[in-house]
Amino acid sequence: MSAADEETALLGLAPVAPDRTVAYGPHPDQVVDLYGPRPGDGAGSDSGAGAEVSGPLVVLLHGGFWRAAYDRRHLSPLAAALAGQGLPVALAEYRRVGGGGGAPRTFEDVAAAVEAAADDRRREVVLVGHSAGGHLALLAAARPGTPVRRVIAVSPVADLARAHELGLSDGAVAELLGPGPGFAARLAAADPVRRPPAGVPVTILHGTDDPDVPPDLSRRYAAASPATTTLRELPGVGHYAPVTPGTAGFAVLLSLLRPPRST
């Protein structure tokens, strides 16, 4: 499947409505959509009141180079598919560039969304981010006191300085951080390469044929934090397949999320 076909396959899926939506702030984009396992789902869990749900809480962060033109709806089929496999999912929205976001508001929103989703600290929280959402996941996991216990970053903008040098998506990093004095300091503070999460294991999935976010960014991140990072490259895969239900890349992502079955 070509890169263009991958994009069409994901963006051509119909959005899936959540079971419910909760707000974590007054802005319309400060919300989290919740998708819960239903009776007979893959993990053998039940969505009824007081039901025990096996497996971690998956908090999803969408991409779109941090711009308001791209929202969470394109990852709703992924959220629903994971819930269909018995995993509780929280699909987070956040303020983005052109819609009240940008540094530091976008970063603050993600941290608040994760806290709102992880209201039960007894459950393992796995933060899954795609593309720019992968950048946000890596950054959020490095915050002191985070409830995040694992990160899976899919095609992440993991090296922000290098992404800025390359001018990815017509200067998206510069748009995120804003103009004016202090740009270098803002870049350093928002660059996951310089702020690896202490004690939080990171797995990166990155297609070798990704035309949107070069896999070299993930390689650079893994080289900078080898003790906590596992890089898994997907040969012949582009930018969207791992977050598209039904693909081989999705199967890899699911295998990393699904809890071990008891024997």
Side-chain angles (χ1 to χ4, degrees), residues 1-16 18 33 35 58-85 87 89-94 96-97 110 126-138 151-160 162-163 166-170 172-173 176 192 202-219 221-222 230-258:
M1 183 183 295
S2 70
D5 290 339
E6 283 192 20
E7 182 176 7
T8 299
L10 176 62
L11 301 186
L13 296 175
V16 181
D33 289 339
Y35 296 77
V58 179
V59 181
L60 283 181
L61 299 174
H62 71 86
F65 280 108
W66 310 281
R67 293 182 175 122
Y70 307 95
D71 64 22
R72 67 193 185 282
R73 286 177 296 179
H74 71 274
L75 282 195
S76 64
L78 172 64
L82 293 176
Q85 293 294 324
L87 295 164
V89 178
L91 175 57
E93 191 57 275
Y94 49 88
R96 304 172 304 287
V97 175
V110 169
V126 181
L127 194 50
V128 178
H130 175 240
S131 194
H135 159 264
L136 295 173
L138 294 170
V151 174
I152 301 175
V154 183
S155 307
V157 186
D159 186 328
L160 206 63
R162 182 57 178 157
L166 295 173
L168 292 188
S169 191
D170 298 321
V173 174
L176 171 69
V202 172
T203 300
I204 296 179
L205 298 181
H206 212 133
T208 59
D209 292 358
D210 190 332
D212 299 296
V213 178
D216 183 59
L217 270 62
S218 290
R219 295 170 187 148
Y221 180 92
T230 299
L231 172 59
R232 186 163 179 176
E233 297 192 19
L234 304 176
V237 172
H239 191 64
Y240 294 96
V243 293
T244 304
T247 67
F250 168 78
V252 174
L253 175 61
L254 181 61
S255 72
L256 295 172
L257 289 169
R258 195 196 298 271

[atom2] on [Y] to [atom1] on [X], rounded to 0.5 Å:
X	Y	atom1	atom2	value
Leu166	Leu217	CG	CG	6.5 Å
Arg232	Leu256	CZ	CG	6.0 Å
Leu60	Leu127	CG	CG	8.5 Å
Glu6	Thr244	CD	OG1	7.0 Å
Ser169	Trp66	OG	CH2	8.5 Å
Thr230	Ile204	OG1	CD1	9.0 Å

Minimum-distance pair of heavy atoms, taken over all atoms of [X] and [Y]:
X	Y	value
Arg72	Glu93	N-OE2, 2.9 Å
Pro245	Pro77	CG-O, 3.6 Å
Ala158	Ser218	CB-CA, 4.4 Å
Pro192	Val157	CG-O, 4.4 Å
Gly63	Tyr70	O-CB, 3.9 Å
Ala132	Gly64	CB-N, 4.3 Å

Beyond-backbone contact of [X] with [Y], side-chain heavy atoms, under 4.5 angstrom:
X	Y	result
Leu91	Pro18	no
Val110	Leu61	yes
Leu87	Leu254	yes
Val151	Thr203	no
Pro242	Leu234	yes
Tyr221	Asp159	no
Asp170	Phe65	no
Leu205	Leu253	yes

Self-check item: Partner set under ring pair (Phe, Tyr, Trp, His ring centres under 6.0 Å) for Tyr94, not counting sequence neighbours
Solution: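 If we apply the ring pair (Phe, Tyr, Trp, His ring centres under 6.0 Å) test to Tyr94, skipping adjacent residues, the hits are His62.
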Quiz prompt | Non-neighbouring partners of Tyr240 that pass ring pair (Phe, Tyr, Trp, His ring centres under 6.0 Å), sequence neighbours left out | solution =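 Partners of Tyr240 by the ring pair (Phe, Tyr, Trp, His ring centres under 6.0 Å) criterion, ordered by chain and then number, come out as His130.
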Self-check item: Worked verdict on Val59 versus Val128 for side chain to side chain contact (heavy atoms under 4.5 Å, CB included)
Solution: CA-CA 6 Å; Val59 181; Val128 178; over 6 Å; no
Quiz item: Among all residues two or more places apart in sequence or in another chain, which pass the salt bridge (Lys or Arg N to Asp or Glu O under 4.0 Å) test with Asp210?
Solution: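 For Asp210, no residue satisfies salt bridge (Lys or Arg N to Asp or Glu O under 4.0 Å) once neighbours in sequence are set aside.
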Quiz item: Does atom CZ of Phe250 have more than 12 heavy-atom neighbours from other groups under 6.0 Å away?
Solution: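 Yes, CZ of Phe250 has more than 12 neighbouring heavy atoms, counting only those of other groups under 6.0 Å.
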Quiz item: Heavy-atom count around Arg219 CZ within 6.0 Å, excluding the residue itself: above 12?
Solution: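 More than 12 within 6.0 Å, yes.
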[X] side chain to [Y] backbone, donor-acceptor under 3.5 Å:
X	Y	result
Thr8	Asp5	no
Ser76	Val16	yes
His206	Val213	yes

Practice problem: Check the pair Glu7 / His239 against side chain to side chain contact (heavy atoms under 4.5 Å, CB included), numbers first and verdict last. | Solution: CA-CA 8 Å; Glu7 182 176 7; His239 191 64; over 6 Å; no
